[in-house]
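Counting starts at 1 for both ligands and their atoms, following the listed order. Atoms considered below: every heavy atom in the structure, side chains included; atoms not considered: hydrogens, waters and symmetry mates. In what follows, residues are counted from 1 in the order of the sequence shown.
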Amino acid sequence: MPADPADEAVELTSELIALDTTNGADTAAPGRERVAAEYVAAKLADAGYAPTYVESGAPGKGNVVARLEGADPGRGALLVHGHLDVVPADPAQWSVHPFSGEVRDGYVWGRGAVDMKGMVAMALATARRFKMDGVVPPRDLVFAFVADEEAGGFAGARWLVDHRPDLFEGATEAIGEVGGFSVTLAGGVRAYLVETAEKGAMWLRLKVSGTAGHGSMVNDDNAIATLAAAVARLQAHRFPVVLTDPVRDFLAGVAEITGVPFDPDDPEAAVARLGHLSRMIGATLRDTANVTRFEAGYKANVVPSVARATVDGRMLPGREAAFEAELAEVLGPEVEREWDTLPPVATTFDGALVDAMAAAIAAEDPGAPLLPYMLSGATDAKSFARLRIRHFGFAPLRLPPDLDFTALFHGVDERVPVDALRFGTRVLDRLLRTS
Ligand SMILES: [Zn+2]
């Protein structure tokens with residue numbers, strides 16, 4: 001008799017956290033995902049799957065994909081995906097060791113608990129249970145556990161999509177991270193957020209050239225000063241508020257639930273009432289640009305010829321060209337710009353899969369509504385969008401009302417409630433049996 005998948009999901013979360021898969025700043029270092037990918041592949045094989053293990057050519061960046069055949073091969077497959085890598089964690093700052101996976105006070109603690117080994121564990125436990133019980137889902141399920149999401153997925157989802165699209169043959173819809181979790185709104189009503197859109201990202205490398213010289217002399221062409229002034233202008237600049245469909249639907253949904261009316265002409269007022277959530281939702285009202293690195297100079301008495309900075313830009317769907325033009329104008333002609341872009345993605349909040357999500361949540365948390373929202377960050381959804389796969393962030397967790405959940409992503413003392421993992425596994429089980 002296989003273990004209860006809800007119990008197993010808790011155990012797997014803990015064990016996956018204990019496998020250190022840090023994806024750090026040194027992009028030339030070998031990947032550390034392999035150990036977790038091999039662990040997942042062994043768990044899948046043990047349940048009866050024939051998983052495919054793939055590395056992109058970047059050593060150690062392991063990916064695992066397995067398919068469970070559904071009743072109707074004519075229907076598009078549903079992709080269930082999670083990334084195996086995590087961001088770095090400094091043990092000195094944590095209450096428990098970040099790679100312990102310790103279960104304490106009703107939580108599983110450690111780096112990756114919410115981003116996103118918990119979801120990997122829930123999907124893995126569900127996949128195992130289905131195979132061992134001979135469950136035939138309505139349509140093919142593709143389970144993908146991938147590397148390198150925290151560095152853009154270029155050795156993970158992005159690489160698989162570009163080089164092994166056969167693994168996702170026929171997939172039309174996907175569920176992945178940063179959605180499905182509950183938020184408790186004013187008045188105490190619990191709602192579940194479903195990610196239907198993501199802002200795009202533009203990582204810019206800025207460069208200003210000036211006149212090098214002795215630090216003691218008059219110099220009106222100092223590259224550091226010119227670049228510093230340009231990034232200060234950018235930092236002070238406010239991009240226009242643009243109310244996109246997912247954000248309008250989210251704020252209208254909140255207004256309906258809380259009874260506090262929402263004025264579409266003043267969405268910032270509605271966002272200000274959201275408590276913890278205002279950090280994330282507020283970032284989806286407009287484009288943003290933050291300077292994240294600044295490099296220049298090498299000696300106290302030398303004016304260098306070049307200064308460089310990096311800017312993390314995020315733009316709303318439909319704003320790609322306007323964002324680029326506005327950046328150029330604010331930074332000015334002296335600043336040379338090079339950039340990498342990940343485009344925004346968006347889908348609509350409707351269809352049979354959305355209905356099945358609502359039903360799966362309702363079965364476990366009666367009366368709780370679902371609300372679509374836009375993520376300010378970027379996930380592997382952007383890679384899967386290249387295959388025209390409709391994407392939803394839906395990693396279900398019922399959370400305590402006072403938990404500042406979004407602060408746990410990449411945060412110190414990242415942890416996930418044991419009960420939430422158990423809840424999420426039951427929701428996922430129901431969803432995958434019925435969608
Ligand atoms: Zn993540």
Side-chain angles (χ1 to χ4, degrees), residues 9 12-13 16-17 19-25 27 31-33 36-37 40 61-64 79-89 98-99 101 108-124 143-161 174-181 193-201 203 279-280 283-284 312 314 342 344-345 373-385 389 391-397 399 403-416 420-421 424 428:
L12 292 172
T13 302
L16 282 163
I17 289 170
L19 303 173
D20 179 354
T21 54
T22 299
N23 192 355
T27 48
R32 302 176 83 165
E33 290 91 336
V40 169
K61 296 275 183 190
N63 301 278
V64 181
L79 169 65
V80 183
H81 65 96
H83 63 82
L84 298 168
D85 58 324
V86 296
V87 294
F99 300 104
V108 184
W109 296 68
R111 177 58 84 221
V114 299
D115 186 12
M116 64 169 297
K117 288 176 169 174
M119 172 60 173
V120 166
M122 297 194 298
L124 181 56
F143 295 97
F145 303 100
V146 302
D148 203 36
E149 191 273 344
E150 299 292 359
F154 295 100
R158 174 66 182 265
W159 189 89
L160 291 170
V161 158
I175 59 170
E177 67 178 328
V178 213
F181 57 91
L193 301 195
V194 178
E195 189 216 288
T196 57
E198 284 182 8
K199 285 175 91 173
W203 290 296
R279 276 198 311 272
M280 184 172 70
T284 61
D312 184 352
R314 307 287 175 143
L342 294 174
V345 294
Y373 87 104
M374 185 190 301
L375 180 68
S376 58
T379 75
D380 284 336
K382 289 186 170 32
S383 297
F384 293 116
I389 297 174
H391 193 276
F392 298 93
F394 190 75
L397 295 172
L399 299 170
L403 184 68
D404 185 1
F405 182 64
T406 57
L408 296 175
F409 284 75
H410 300 191
V412 169
D413 283 344
E414 184 178 347
R415 61 197 183 280
V416 63
L421 289 171
L428 209 53

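Taking the six-membered ring for Trp, F145 and H81 have ring centres at least 6.0 Å apart.
Side-chain contact between D115 and H83 is present, with at least one heavy-atom pair separated by less than 4.5 Å.
Between D380 and K382, none of the side-chain N atoms (NZ, or NE/NH1/NH2) sits under 4.0 Å from a carboxylate O, so this pair counts as no salt bridge. Between R111 and D413 there is no salt bridge, since none of the side-chain N atoms of the basic residue sits less than 4.0 Å from a carboxylate O of the acidic one.
Inside a sphere of radius 2.8 Å centred on the Zn ion (ligand 1), the protein N/O/S atoms present are H83 NE2, D115 OD1, E177 OE1, E177 OE2.
Here the CZ atom belonging to F181 is positioned 13.0 Å from the CE atom belonging to M119, to the nearest 0.5 angstrom. How far CZ of R32 is from CG of D148: 14.0 Å, rounded to the nearest 0.5 Å.
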